[in-house]
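Just so you know, these numbers come straight off a predicted model, no measurement behind them. Numbering starts at 1 and runs along the sequence shown.
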Amino acid sequence: MKHPWILFLGLVALTANAAPPPPHTLFVCVSQSKPFIIGSQVVLRNGLYQVEDRANPVHIGFNHPRIDAVAVDPRDPRRIYIAGNNGVMRSTDAGRTWKIVTSWDMTEGKDINVDPHAPDHVYVALPDGIAVSRDAGETWHRAQAGIKRAYTQSIIVDRTRAGRVLAGTELGIYLSEDGATTWTKVFASTKTVHDVRQSPHDPRVFLAATQAEGLQRSTDGGKTWQELTGVGRAHTLHNVGFDPADPRRLIVAGWNCGVLVSEDDGATWTPRNDGLPNAQVWRVGVDPDFPGRLYASVNQSPVYASDDFGRTWKVQWFTAATVWDFVFVPRS
């Protein structure tokens, strides 16, 4: 047996060498599709993964084939909401247990957002509209008055102005100034708006990824929108992101255009697909804790990571997966 002092010193050395976890927790909503063979036993787990160390995903959501989005209560990181085929599910113990909190007529949730001004208010985007809970998910009611053909793919709460909510729908973008009680159409379209995001640098700036209207930008808090040239309308855009470390860097993911980046605030765009198996990309995420690091969900492929803003890529996690959302939550 080693001398106790040797064991103690070894423990001190291991503690000193252990890297602190990144300041943000990464949540990944995953559907894994391989190696599914009819008649075989499925061993892969789908749903919500948590990646504290950016190396080892830990499954915390129940094993469900389709979880589209996740949101966390800013007051309590143990309170997690996920939106998926079953509707809205809530955990109050950091993902150890889950409860379906919406009823049978509010299913197939596409996006979910917690109001940072009033964290008991939770918004969910649904195939037939928008629903809101004012009591942390206990009860829900419809909140899409004035929205025709209300398929809603994306919903986001303005982090700086209480009561302002934007929704990406099949008929464009709607803005509410009163917590989803009333809505005004601020961008008209005949195709779906897939993703709406607010800049971490300037709260007046929003970007919207669309099915057939290219990449849209608002610089007045979502009231008006203009198309950013250089991305084009030839491909369906699935999501858009900002680099928290550099306000000039923007990123888009789409079908057959892959990953497109701009390093001059949207003036020009460059494909960054070298090293990816194809240019059919479902989702891209920008890591706020590692400048230049991206994650890309490529169709029928593993999740790839890049440490040089898309110039080179390497396999990161899973065998073949579709990621529906990368979400970074500050560690409290």
Do Ile156 and Gln198 pass the side-chain contact (heavy atoms from CB on, under 4.5 Å) test, and can you show the C-alpha distance, the side-chain angles, and the key distance before you say yes or no? CA-CA 8 Å; Ile156 181 170; Gln198 186 175 25; 4.0 Å; yes
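Residues Leu175 and Tyr123 do not share a hydrophobic cluster, defined by chaining ILVMFWY side chains whose heavy atoms lie under 4.5 Å apart. Note: the hydrophobic cluster containing Val205 does not contain Val196 (ILVMFWY, side chain heavy atoms under 4.5 Å, direct or indirect links). Follow the hydrophobic side-chain contacts under 4.5 Å out from Val281 and you never reach Leu26; the two are in separate clusters.
Summarising the local packing, CZ of Arg233 is surrounded by more than 12 heavy atoms from other residues, nucleotides or ligands at distances under 6.0 Å. The number of heavy-atom neighbours closer than 6.0 Å to CZ of Arg204, taken from other residues, nucleotides and ligands shown, is 12 or below. No more than 12 heavy atoms of other residues, nucleotides or ligands sit less than 6.0 Å from atom CZ of Arg78.
Ile173 places none of its side-chain heavy atoms less than 4.5 Å from the side chain of Phe206. Trp140 places a side-chain heavy atom less than 4.5 Å from the side chain of Val122. Annotation: side chain of Arg293 is in contact with side chain of Asp307 (closest heavy-atom distance under 4.5 Å). The shortest side-chain heavy-atom distance between Asn273 and Val259 falls under the 4.5 Å cut-off. Side-chain contact check for Trp98 versus Ile82: some heavy-atom pair is nearer than 4.5 Å. Side chains of Phe242 and Val286 form no contact here, defined as non-hydrogen atoms less than 4.5 Å apart. Using a 4.5 Å heavy-atom cutoff, the side chains of Val315 and Tyr304 are in contact. Between Gln153 and Val193, the closest side-chain pair of non-hydrogen atoms is not below 4.5 Å.
Residue Arg75 comes nearest to Asp120 through the heavy atom pair NH2-OD1, 2.7 Å, listed as atom of the first residue, atom of the second, then distance. Taking every heavy atom of both residues into account, Ser91 and Gly95 meet most closely at OG-N, 2.8 Å. Here the closest non-hydrogen pair linking Thr107 and Asn85 is CB-O, 3.4 Å.
Grouped by direct or indirect side-chain proximity (heavy atoms under 4.5 Å, Ile/Leu/Val/Met/Phe/Trp/Tyr only), Trp282 sits with Trp255, Trp324.
Looking at Leu294, Asp274, Asp308 one by one, the single match for side chain to side chain contact (heavy atoms under 4.5 Å, CB included) with Trp313 turns out to be Leu294. Paired with Tyr49 under the rule ring pair (Phe, Tyr, Trp, His ring centres under 6.0 Å), one option of Tyr295, Phe318, Phe326 passes, and it is Phe318. Here the rule is side-chain hydrogen bond (donor to acceptor under 3.5 Å, both in side chains) with Glu170, and of Lys191, Arg149, Gln211 only Arg149 fits it. For the side chain to side chain contact (heavy atoms under 4.5 Å, CB included) with Arg197, the qualifying choice from Leu166, Val240, Leu250 is Val240, the only one to do so.
A donor and an acceptor atom, one from each side chain of Ser189 and Glu213, are located under 3.5 Å apart. Side-chain polar atoms of Asp289 and His24 form a donor-acceptor pair below 3.5 angstrom.
Annotation: cation-pi geometry not satisfied between Arg54 and Phe290 (NZ/CZ under 6.0 angstrom from ring centroid, within 45° of ring axis).
Between Arg90 and Asp73 no salt bridge is recorded (no basic side-chain N to carboxylate O distance below 4.0 Å).
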